[in-house]
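These notes are about the structure you will find just below.
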Amino acid sequence: MPPRVVITRPLPQPVEARAVQIFDAVLATEDTPLTGDALLARLEGAAALLPCVADKLPRPMINALPASVKIIANFGAGLDHLDLAALAERHIAITNTPDVLTDATADIAMLLMLGAARRAKEGMTQIREASWPGWSPTHLLGSSLGDKRLGIVGMGRIGTAIASRARGFGMTVHYHGRRRTDAGVETGAIFHASLEELLGISDVLVLACAATTETRHMINAERLAHLPQGAILINPARGDLLVDEDVITALKSGGLAAAGLDVFDGEPDLRAEYRDLPNVFALPHLGSATLETRTAMGMLALDNLEAFFAGRTPPNLIQ
Ligand code: 8YV
């Protein structure tokens with residue numbers, strides 16, 4: 001009998017087809033997060049869980065998982081919705097799906113940058129509300145990206161992919177990370193040993209780091225004050241990297257000219273100001289949302305499970 005794998009959400013058709021072919025797969029019939037008792041009931045007798053970012057697994061949930069569960073194959077790169085320490089204590093393996101979503105997420109970062117810099121929200125509002133006064137030399141003037149300095153926080157796979165796109169737009173690339181990356185990966189990007197130093201020169205700041213206890217609320221009033229007046233903040237990573245109140249204050253005062261946000265603390269709920277402020281270009285967590293990418297993510301999650309149950313090391317084993 002193949003191992004039972006519980007999948008929390010509907011996935012692209014080829015992924016579900018392969019899942020039922022190779023596993024005793026329990027597919028999701030509803031597209032809502034699976035949590036609490038409903039999740040525990042579905043996991044009875046299952047060997048694996050395939051969750052996504054919206055399926056929160058804090059310590060009490062992990063402690064309550066049936067003993068049959070041996071691996072969690074996350075659909076996504078970020079693991080901040082899972083308590084890794086609690087999983088390690090229970091000797092439950094965990095894998096994720098990096099690489100395959102790098103390009104799609106870097107593309108969204110560029111969309112956020114362009115949307116914020118070019119005042120796309122205000123333009124779209126004029127179209128929707130039929131309030132476009134007509135072409136004028138001074139109508140909705142945004143700022144060019146080409147001559148700007150881009151500061152990237154976290155030069156990992158996604159940060160590196162954003163850097164190569166930004167170079168194509170003529171931006172000068174700077175970054176801060178835990179360590180300087182190899183010259184081959186850096187390709188001319190300028191390393192800053194401290195975050196504050198990076199902030200000081202970032203006309204556009206993009207967050208491309210993981211959400212951890214160290215990075216939580218990293219962008220607060222004090223850090224925002226280091227940015228050049230009228231900088232643009234881009235967040236395709238995780239909402240809790242920001243202190244929302246401080247970001248909103250800066251957006252209202254003009255300290256920040258604009259923000260491009262794809263992720264929100266407590267999403268899908270978001271602060272009313274992020275909905276209403278004209279200088280916030282916001283998307284509903286679409287970073288990896290292309291059919292190709294979501295299919296590749298699902299296939300990679302299945303690869304990880306296949307390897308695990310065949311006694312091999314899964315390609316994306318975290319712990
Ligand atoms: C995914 C993401 O769509 O991979 C991640 O960490 O943020 C998204 O691109 C999401 O996590 C799916 O679970």
Side-chain angles (χ1 to χ4, degrees), residues 5-12 14-16 19 27-28 30-35 39 48-58 61 71-84 87 94-112 152-162 165 206-213 215-216 218 234-242 260-270 282-305 314-319:
V5 173
V6 171
I7 300 178
T8 60
R9 306 294 282 267
L11 296 177
V15 180
E16 292 194 338
L27 302 181
E30 281 171 39
D31 201 5
T32 47
L34 195 54
T35 50
L39 175 61
L49 172 67
L50 196 157
C52 68
V53 65
D55 308 307
K56 309 276 178 238
L57 287 170
M61 270 303 287
I71 177 168
I72 294 188
N74 187 53
F75 179 86
L79 298 166
D80 47 296
H81 54 299
L82 312 169
D83 189 320
L84 296 181
L87 285 169
I94 166 94
T95 62
N96 68 344
T97 62
D99 299 310
V100 293
L101 47 66
T102 299
D103 284 333
T105 309
D107 288 348
I108 279 284
M110 297 315 295
L111 176 58
L112 295 175
I152 301 178
V153 181
M155 196 62 133
R157 289 172 267 224
I158 294 172
T160 305
I162 294 170
R165 284 159 175 72
V206 59
L207 307 177
C209 56
T212 62
T213 43
T215 60
R216 184 176 166 76
M218 174 174 80
I234 304 299
N235 188 9
R238 283 292 181 269
D240 63 4
L241 299 177
L242 311 181
L261 309 174
D262 187 45
V263 285
F264 303 89
D265 200 5
E267 63 186 49
D269 295 331
L270 58 150
L283 295 172
H285 202 151
L286 296 181
S288 65
T290 71
L291 179 58
E292 297 88 338
T293 302
R294 290 282 165 84
T295 304
M297 288 163 67
M299 292 303 186
L300 191 50
L302 296 181
D303 291 346
N304 280 312
L305 290 171
N316 309 110
L317 184 66
I318 299 292
Q319 63 181 38

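Sequential numbering from 1 along the given sequence is applied to the chain's residues. All ligand and atom numbering here is 1-based and tracks the order in the structure.
- Near R294, with a cut-off below 4.0 Å to any heavy atom, the atoms of ligand 1 are 3 (O).
- The closest donor-acceptor contact from the side chain of T160 to the backbone of G156 lies under 3.5 Å.
- Considering backbone and side-chain atoms alike, G76 places every N or O at 3.5 Å or more from each N or O of ligand 1.
- Checking only distances, T105 never comes within under 3.5 Å of ligand 1, N or O to N or O.
- For a threshold of 3.5 Å applied to N or O pairs, the pair formed by F75 and ligand 1 contains at least one separation below that value.
- Heavy-atom contacts of A77 reach the following atoms of ligand 1: 4 (O), 5 (C), 6 (O) (cutoff under 4.0 Å).
- Interface atoms of ligand 1 facing G78, defined by a heavy-atom separation under 4.0 Å, are 4 (O), 5 (C), 6 (O).
- For the pair L242 and L261, the minimum side-chain heavy-atom distance is below 4.5 Å.
- Taking every non-hydrogen atom of R238 and a distance limit under 4.0 Å, the qualifying atoms of ligand 1 come out as 2 (C), 5 (C), 6 (O), 7 (O), 11 (O).
- Checked by atom type, the side-chain pair T8/D55 shows a donor-acceptor distance below 3.5 Å.
- In summary, the atoms of ligand 1 found under 4.0 Å from a heavy atom of H285, numbered by their order in the structure, are 2 (C), 7 (O), 8 (C).
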Stepwise salt bridge (Lys or Arg N to Asp or Glu O under 4.0 Å) test for D103 and R165: CA-CA 10 Å; D103 284 333; R165 284 159 175 72; 3.1 Å; yes

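- Numbered from 1 in the order shown, with element, the atoms of ligand 1 that lie under 4.0 Å from a heavy atom of C52 read 13 (O).
- On a distance-only criterion, G287 and ligand 1 share no N/O pair closer than 3.5 Å.
- At the shortest separation from atom 11 (O) of ligand 1 among protein heavy atoms lies V53 CB, 3.4 Å.
- Side chain to side chain, N316 and N96 fail the donor-acceptor criterion of an N or O pair below 3.5 Å.
- For L101, every heavy-atom contact with ligand 1 shorter than 4.0 Å involves the side chain, none the backbone.
- For the pairing with P236, the side-chain contact (heavy atoms from CB on, under 4.5 Å) check across D107, L112, I158 returns one residue only, L112.
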